[in-house]
J.: 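Starting off with a structure, shown below.
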There are 2 protein chains.
Amino acid sequence: MTTARDDTIAVRISKVLAERIIAGEIEAGAKLRQDHVAEEFGASHVPVREAFRRLETQGLVVSEPRRGVRVAGFSLDEVKEVAEMRAALEVLALRHAAPHLTRAILDEAEEATRAGDKAGDVQAWEAANRSFHRLILTPCAMPRLLRAIDDLHTASARFLFSGWRAEWEAPTDRDHRAILAALRAGQVETAASVLARHVQWVGQKPGTPAVTRR
Amino acid sequence: MTTARDDTIAVRISKVLAERIIAGEIEAGAKLRQDHVAEEFGASHVPVREAFRRLETQGLVVSEPRRGVRVAGFSLDEVKEVAEMRAALEVLALRHAAPHLTRAILDEAEEATRAGDKAGDVQAWEAANRSFHRLILTPCAMPRLLRAIDDLHTASARFLFSGWRAEWEAPTDRDHRAILAALRAGQVETAASVLARHVQWVGQKPGTPAVTRR
DNA sequence: TCGTCATGATTTATAGATAATTTGGAGCAG
DNA sequence: CTGCTCCAAATTATCTATAAATCATGACGA
C-alpha cells in the first residue's frame, strides 16, 4: 500500500484504482470515466488514460475503443480460467526455481505460512499467501513469467475478497507445508503437483456468493 | 497487416512499431523517443505514449520511469522463457479446446499446415503457423488465456525473424500433422505432449545467430 | 580528482480543441 | 396507440499544442 512518492502520477492512480477494484468498491461492469477520475485526483486526463492502460494489462478493466473502459466482470468461468493459468505457470516457475532454492529461502517461506495462519483478516492472509508464492518462485529468474504470475495473483485476490468479505477464518495452510516438505526432500514433482492442486482450490471452492455475472 | 481505418491512432502506431521491432528493423536496446515517433506519424506524443504502453504489455519494449522506453532485448534465456510459457499455456488451452474441436476445424487446421509448407518466406510461414495454433486453441473459450498466448506468439516471431532472415526453407511440419492425427483419434494427451515439444523446439534450435545479448 | 552547478535534451503533465458515440425526441408507418 | 427510423444535442473519448518537471552532460572551482 505504499504509494511511492517518486513514481509517476499515472502509476499512482493505477495503484489506487486497482486497490478499489480488487476490494470490490467499484462493481464489475461499471464505467470508469476519465474526467471524473482526473478531477478526483486533481490531475488531467492523460495520466488517467495511461493508468487505464495499466489496469487493462492486469486484466482489471476492459477497454472498448472510443467507448471507454469498464471494470472487468469476473464470472465463475473467468475465475477458473485465472486459476488454471496460475497453476500452469506456477508449476513451470517452480520447476525452474527448485534447483536454486536455499534453506534460507525455505525457512522464510515457512515463516510466511505461519504469518498467514495467524492472519486476522482476508487482506493479511492474502498478503502472506502471495509472499509465500513469490518466495519459492522468484529464484526461477524468469522475469516475464513472474510478471505474468503476479498479474494473475491480483486477479485471484479480487475474487477472494469478493467472496469472503464478512465471514472468514484463517485456514491452517496444509498445502503450503506439504510443498515445503517436498521441496526440502528434493521431490520437485511432488511439490509441483501439490502446488497445482493448491492453486486451483481457490477457484473450486463451492458456495461462493457475489460472483457477478455481468 | 490491416491497419483498420477505425481504430485509434495509438493502436495504429503500436501496430506499425510492433511490426518493425518484430522484423528487426529497430535493434534491441534502442531508445524510442516519443517526439521523433510522433513527428514521423504526424501525430502528437500522447498517442505515441499509449502505443508504448501497448508494446510494453506485449513485452516488445521495456519502460523505465522518466527515462523513456527501449526496445526489449532478447537473449537466448528470454527466448527460452517465452517458449516454455507458450508450451505450458498452449497445452492448457488445448486440453480445454479438445472437446469442442469439430472435424471442420481440424480440416481448416490441416489446410493451414499445408499453407505453411508451401510458404516461400519466413513471414508467410509464421502467419500460417500462428493460424494453425489459433485454430486448434480458440475453442477453449478462455479469452484471457488466448490473449496471453497471442502475445507470446509475437515475441516468438521476433526471434524467428531475427534468426532466419536470409536463408530459410519451409520445413514440412511433421509436428502439426502428428497433433492433428492425435486429435482426430481422440488422444488429447498425446496431442498435448507433442504440442509442448513442438513449441519448445523453436527455442532450442542451435546455431542461431543474431541473438542480441543486451 | 572530485563535487557542484548550469545548460540542453526528454519525459511527463495540463489545458483546450476535435471527432465520435450515445441519448432523447420528433415524425411517420403499421 | 405502438413501434421504428432519423435527426439533433449532449456527453465522452481522443488528439494537439504548450508548459512544467526531471534527468543527463559538461564545465568550472575546490
J.: Please work out whether the ring planes of A/His176 and A/Phe132 are parallel, tilted or perpendicular, with thresholds of 30° and 60°.
T.: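 A/His176 vs A/Phe132 ring planes: parallel.
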
J.: Kindly say if B/Thr8 contacts the phosphate of D/dA13, meaning a side-chain N or O under 4.0 Å from OP1 or OP2.
T.: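 No, no such contact exists.
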
J.: Just to verify, what does A/Phe52 make a ring-ring contact (aromatic ring centres under 6.0 Å, His included) with, not counting sequence neighbours?
T.: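 If we apply the ring-ring contact (aromatic ring centres under 6.0 Å, His included) test to A/Phe52, skipping adjacent residues, there are no hits.
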
J.: Whether the side chain of A/His45 and the base of D/dT12 hold a donor-acceptor pair under 3.5 Å is what I'd like checked.
T.: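 No, the side chain and the base share no sub-3.5 Å donor-acceptor pair.
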
J.: Reading DNA chain C from 5' onward, which residue's closest nucleotide shows up sooner: A/Pro47 or B/Leu32?
T.: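 Going by which nucleotide is closer to the 5' end, it is B/Leu32.
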
J.: What is the distance, to the nearest angstrom, from the CD atom on A/Glu39 to the P atom on D/dA13?
T.: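 Taking CD of A/Glu39 and P of D/dA13, I get 13 Å after rounding.
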
J.: Base, sugar-phosphate alone, or nothing: which one does A/Ile13 contact when heavy atoms must sit under 4.0 Å apart?
T.: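 If one applies the 4.0 Å heavy-atom cut-off, A/Ile13 turns out to touch nothing in the nucleic acid.
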
J.: Using the side-chain heavy atoms of A/Ser44, tell me which of these nucleotides is nearest: C/dT11, C/dT14, D/dT16.
T.: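 Nearest listed nucleotide: C/dT14.
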
J.: Quick one: does B/Asp173's side chain have a donor or acceptor within less than 3.5 Å of a partner on B/Asp117's backbone?
T.: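 Answer holds: no.
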
J.: Would a distance-only check, ignoring hydrogens and angles, find a side-chain to backbone donor-acceptor pair under 3.5 Å from B/Glu78 to B/Ser75?
T.: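 Pair found, side chain donor or acceptor close to backbone of B/Ser75.
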
J.: Where do A/Arg70 and A/Gly29 come nearest, in terms of heavy atoms and distance?
T.: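 Smallest interatomic distance, heavy atoms only, reads NH2-O, 3.2 Å.
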
J.: If we check side-chain contact (heavy atoms from CB on, under 4.5 Å) with B/Cys140, which of these qualifies: B/Leu146, B/Leu101, B/Leu92, B/Ile149?
T.: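 Result: among B/Leu146, B/Leu101, B/Leu92, B/Ile149, B/Leu146 is the only option passing the side-chain contact (heavy atoms from CB on, under 4.5 Å) with B/Cys140.
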
J.: B/Arg49 has a side chain; which of D/dT14, C/dT11, D/dT16 sits nearest to it?
T.: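 Nearest to the side chain of B/Arg49 among the choices is C/dT11.
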
J.: Taking only N/O atoms, report every protein-nucleotides 23-25 of chain D pair under 3.5 Å with atom names and distance.
T.:
residue, atom, partner, partner atom, Å
D/dA24, OP1, B/Arg67, NE, 2.8
D/dA24, OP1, B/Arg67, NH1, 3.4
D/dA24, OP1, B/Arg67, NH2, 2.6

